[in-house]
Amino acid sequence: KNCVVVNRSSSASTNAAINISNYNASSVNYNPDNLTIDNCTLTSVTGTASAGFHVANSGTPTVGMTALTVRGNAIAGNLRGIFVSYTYDANMYDNTITVAATGATTNITSYGITVQTNFATTGVFNIYNNKLTSLTTNCTTAGASNGIMGIDNQNTTAHTVNIYNNFIGGFGLTGAANNARIYGIRTTSTSTT
């Protein structure tokens, strides 16, 4: 709560102001459940694969995180604002998010908020009252695999993903490609949205 975290890594590998790992070692799951990120400033804009807040995996976890809340934060990322995977449920609300993908994003899509690679277990994701005010990409390769999305849901059954009362704007293409995909909200896979 009330932290200012600035990630200055210039790496092209995944990095973040806050990086959480759902960890599995020797077939034992280590889950950082009941995590709340509240009223923080998270900045990670120098690495081409950087995110403001990132939840992923180490090893192959068989159990998802639960009770994740990301609320009231100012988040700036180069590739992603909020990235959540390997999680059963989450609440993400009242955040202000900017993404300015400055690297050559060949075959990569940038996201304001994305939920994906989550287990096929019952859970609810609530994404609401967020302000995505600037979403730009330096897309240099044309095609449907490149671009930027405001909110992206790739969750599977049996998740429910509620997306409402969000402001999504400030889209921009700064690279040479002029036919990159730009989505305000995209939902795919089999979750109920």
Side-chain angles (χ1 to χ4, degrees), residues 1 14 16-24 29-40 42 51-77 79-99 108-135 144-145 147-171 181-193:
K1 183 175 181 178
T14 299
I18 294 180
N19 188 59
I20 305 299
S21 182
N22 188 347
Y23 184 58
N24 182 290
N29 291 293
Y30 298 93
N31 304 89
D33 294 332
N34 304 303
L35 176 65
T36 299
I37 308 298
D38 182 18
N39 197 43
C40 295
L42 308 177
F53 178 74
H54 190 268
V55 178
N57 68 303
S58 180
T60 308
T62 58
V63 176
M65 282 178 57
T66 188
L68 170 64
T69 299
V70 182
R71 66 179 177 218
N73 303 288
I75 299 173
L79 186 62
R80 302 173 180 116
I82 298 174
F83 177 92
V84 173
S85 63
Y86 294 89
T87 303
Y88 285 157
D89 53 69
N91 293 297
M92 293 167 271
Y93 60 94
D94 292 337
N95 300 290
T96 300
I97 299 169
T98 62
V99 174
I108 295 177
T109 298
S110 301
Y111 305 94
I113 299 172
T114 183
V115 291
Q116 54 184 269
T117 320
N118 291 305
F119 296 92
T121 303
T122 300
V124 176
F125 288 73
N126 294 302
I127 304 170
Y128 63 96
N129 290 356
N130 298 289
K131 295 178 183 175
L132 289 78
T133 59
S134 180
L135 300 166
S145 295
I148 192 158
M149 295 183 191
I151 298 173
D152 180 47
N153 169 27
Q154 296 182 36
N155 278 340
T156 57
T157 304
H159 288 102
T160 298
V161 181
N162 299 307
I163 301 171
Y164 59 95
N165 291 348
N166 297 285
F167 172 87
I168 304 169
F171 286 101
R181 62 181 174 183
I182 297 176
Y183 297 159
I185 298 173
R186 182 184 81 153
T187 183
T188 184
S189 199
T190 57
S191 67
T192 299
T193 304

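Values below: every heavy atom of this structure, side chains too, minus hydrogens, waters and symmetry copies.
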Please enumerate all residues that pass side chain to side chain contact (heavy atoms under 4.5 Å, CB included) together with Asp38, with sequence neighbours excluded. Lys1, Thr36, Arg71
Let me confirm one number: the OG1-CZ distance from Thr156 to Phe119, rounded to the nearest 0.5 Å. 10.0 Å
From the list Thr157, Asn118, Asn153, Asn155, side chain to side chain donor-acceptor pair (under 3.5 Å) partner of Ser191 resolves to Asn153
Taking every heavy atom of Arg186 against every heavy atom of Asp152, the minimum-distance pair comes out as NE-OD1, 2.7 Å
With a 3.5 Å cut-off and no angle check, do the side chains of Asn29 and Thr62 form a donor-acceptor pair? yes
Atom OG1 of Thr69 and atom CE of Met92: how far apart are they, to the nearest 0.5 Å? 9.5 Å
Working for side-chain contact (heavy atoms from CB on, under 4.5 Å), residues Thr109 and Met149: CA-CA 7 Å; Thr109 298; Met149 295 183 191; 4.0 Å; yes
Against the six-membered ring of Phe83, is Arg80 placed for a cation-pi contact (under 6.0 Å from the centre, within 45° of the normal)? yes
Here's a test for you: under side-chain contact (heavy atoms from CB on, under 4.5 Å), which of Val63, Thr66, Asn22, Leu68 qualifies with Asp33? Thr66
Is the closest side-chain donor-acceptor distance between Thr117 and Ser85 under 3.5 Å? no
Using the side chain to side chain contact (heavy atoms under 4.5 Å, CB included) criterion, which residues pair with Asp94? Sequence neighbours excluded. Asn129
Side chain of Asn95, backbone of Val70: donor and acceptor closer than 3.5 Å? yes
Checking the side chain of His159 only, and the main-chain atoms of Asp89 only, is there a donor and an acceptor separated by less than 3.5 Å? no
Stepwise, does the side-chain contact (heavy atoms from CB on, under 4.5 Å) test hold for Thr187 with Val161? CA-CA 9 Å; Thr187 183; Val161 181; over 6 Å; no
What verdict does the side-chain contact (heavy atoms from CB on, under 4.5 Å) test give for Ile37 and Leu42, after you've listed the backbone C-alpha separation in whole Å, the side-chain angles of each residue and the deciding distance to 0.1 Å? CA-CA 10 Å; Ile37 308 298; Leu42 308 177; 4.2 Å; yes
Measure the acute angle between the ring planes of Tyr128 and Tyr164, then classify it against the limits of 30° and 60° as parallel, tilted or perpendicular. parallel
Starting at CD1 of Ile185, measure out to OG1 of Thr193 and round the result to the nearest 0.5 Å. 10.0 Å
Rounded distance [0.5 Å steps], OG in Ser21 versus OH in Tyr86: 10.0 Å
Locate the shortest heavy-atom distance separating Val99 from Tyr111; write the atom from each residue and the value. CG2-O, 3.4 Å
Between Asn73 and Cys40 (side chain of the first, backbone of the second, donor and acceptor by atom type, cut-off under 3.5 Å), is there such a pair? yes
Is there a side-chain contact (heavy atoms from CB on, under 4.5 Å) between Ile168 and Leu135? Walk through the geometry before answering. CA-CA 9 Å; Ile168 304 169; Leu135 300 166; 3.9 Å; yes
Which heavy atom of Asn31 sits nearest to which heavy atom of Met65, and what is that distance? ND2-N, 4.1 Å
May I ask you to check whether over 12 heavy atoms, not counting those of Tyr23, lie within 6.0 Å of atom OH? no
Min side-chain heavy-atom separation Phe171-Ile148 under 4.5 Å: yes
How long is the gap from CD1 on Ile163 to CD1 on Ile113, to the nearest 0.5 Å? 8.5 Å
Side-chain atoms of residues 52-59: list all donor-acceptor pairs with protein atoms under 3.5 Å, sequence neighbours left out, distances to 0.1 Å.
{"from": "His54", "atom 1": "ND1", "to": "Asn19", "atom 2": "OD1", "distance (Å)": "2.8"}
{"from": "Asn57", "atom 1": "ND2", "to": "Gly59", "atom 2": "O", "distance (Å)": "2.8"}

Got a donor-acceptor contact below 3.5 angstrom from the Asn130 side chain to the Ile97 backbone? no
Please round to the nearest 0.5 Å and tell me the distance separating atom OH of Tyr88 and atom OG1 of Thr122. 10.0 Å
